[in-house]
Protein chains: 2
Amino acid sequence: MNIKDVSERTGLPSKTIRYYEDIGLITPARGENGYRKFSESDLHKLAFVGRARHLGFSIEDCRNLLALWGDNGRSSADVRAIAQSHLEQIEAKLKELAEMRDTLARLVHCCAGDNRPDCPILEDLAQTHI
Amino acid sequence: MNIKDVSERTGLPSKTIRYYEDIGLITPARGENGYRKFSESDLHKLAFVGRARHLGFSIEDCRNLLALWGDNGRSSADVRAIAQSHLEQIEAKLKELAEMRDTLARLVHCCAGDNRPDCPILEDLAQTHI
DNA sequence: GGTTGAGCTTCCAGTAGCTGGAAGCCCTAT
DNA sequence: ATAGGGCTTCCAGCTACTGGAAGCTCAACC
């Protein structure tokens, strides 16, 4: 299968698929013309990575998850540890973003948004604690 | 004032302050020895940017906010538009992250996390919709 | 006066995860 | 034969810094 078909079936852009080969996530075969020839296994790996990325896992996490997926002697604890750690990072990020949202929402709400210069948003940013 | 003092007073790393000069957010004066000489105005601008960044504004937003801050003829509507747009992006990101968290939390919860290979996390990632 | 160490400078490279574009080969259809 | 689309590689750029090397400057100490 050529790259475009793989792209359509996995939903990943061709550029991304080439990139994933570059960094060693997959190693598709090559035809005599130099074209990549993707196997069903390549396809499954790409789809796996696509879903892991969709859940926000880093490429390095994806690499480790792929390896565990292919390792019949794995311990589910290892998988769980990766997911747990990632979950904690997401929760931290969520907290940070929620704080930003609260502050911003308050400021936006307070700002008249008219043609006068007075603006609580700028006032807040300019507050000097130096 | 030298860069380290500015770093301590604003909480921004020296590297970051130099970077902000590089990209034109500030233009501190120079002493005869070539050292940057920061004015109070530079300090306030850096603190302003620091707080805007803390609220997640992009550098380009910061640049625009700085310009509006320094423009007495501004309309608060322009400031509000930047903040509103940023707020919407944060809300979108929050939603995305919350979905990730929900899925991940469910998967992590379902995974035994022992020394057996069976793992609902991998099973979920490997689900073939191709 | 000399030396040492900290602080300052510039410049280059690297981070994450792609993405865009250029130059050029290959394949199929007309 | 030629036109087009698809494939290839390679290089550059995106965000917002950050690390490190090489080298100048300054203040302090002997």
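Residue numbers start from 1 in every chain, and the chains themselves are labelled A, B, ... in the order their sequence lines are given, proteins ahead of strands. Computed over heavy atoms, backbone and side chain alike; hydrogens, waters and symmetry mates excluded.
OP1 or OP2 of C:dT19 sits under 4.0 Å from a side-chain N or O of A:Thr16. Listed pair B:Arg53 / D:dC17 meets the phosphate criterion, a side-chain N or O lying under 4.0 Å from OP1 or OP2.
A straight line from CG of B:Leu25 to P of D:dA16 spans 10 Å, rounded to a whole angstrom. Atom P of nucleotide C:dA16 and atom CZ of A:Arg63 are separated by 11 Å, given to the nearest angstrom. When rounded to the nearest whole Å, the span between CD of B:Glu21 and P of C:dC11 equals 12 Å. Rounded to an integer number of Å, the gap from OH of A:Tyr19 to P of D:dT8 is 18 Å. Counting to the nearest Å, the C1' atom of C:dC26 and the NZ atom of A:Lys37 are 11 Å from each other. Distance CG (B:Asn2) to C1' (D:dA27): 12 Å, rounded to an integer number of Å. Rounded to whole angstrom, the span from the CG atom of A:Asp22 across to the P atom of D:dC11 amounts to 12 Å. For the pair B:Ile59 CD1 and D:dC14 P, the interatomic distance rounds to 14 Å; values are reported in whole Å.
Using a 4.0 Å heavy-atom cutoff across all strands shown, A:Arg36 reaches sugar-phosphate atoms only and no base atom. If you check every strand for non-hydrogen atoms under 4.0 Å, A:Ile3 touches sugar and phosphate atoms only. Across all strands shown, A:Ser14 has no heavy atoms under 4.0 Å from either base or sugar-phosphate atoms.
A donor atom on one side chain and an acceptor atom on the other are found under 3.5 Å apart for B:Ser39 and B:Asp42.
Here the options are B:Asn115, B:Asp114, B:Asp118, the test is side chain to side chain donor-acceptor pair (under 3.5 Å), and the partner is A:Ser76; only B:Asp114 passes.
Distances were taken from every side-chain heavy atom of A:Arg18 (C-beta onward) to each of C:dT19, C:dC26, D:dT8; the shortest belongs to D:dT8.
Using a 4.0 Å cut-off between a side-chain N of Lys or Arg and a carboxylate O of Asp or Glu, A:Lys37 and A:Glu32 do not qualify as a salt bridge. Taking a cutoff of 4.0 Å between a charged side-chain nitrogen and a carboxylate oxygen, B:Arg101 and A:Glu88 do not qualify as a salt bridge. Salt bridge annotation for B:Glu60-B:Arg63: present, with a cationic side-chain nitrogen under 4.0 angstrom from a carboxylate oxygen.
Of the two residues contacting DNA chain D, namely A:Asn33 and B:Glu60, the nearest-nucleotide position lying further toward the 5' end is that of A:Asn33. Between A:Tyr35 and A:Tyr20, it is A:Tyr20 whose nearest contact on DNA chain C lies nearer the 5' terminus.
Between the side chain of B:Lys15 and the base of D:dG20, a donor-acceptor pair under 3.5 Å is found.
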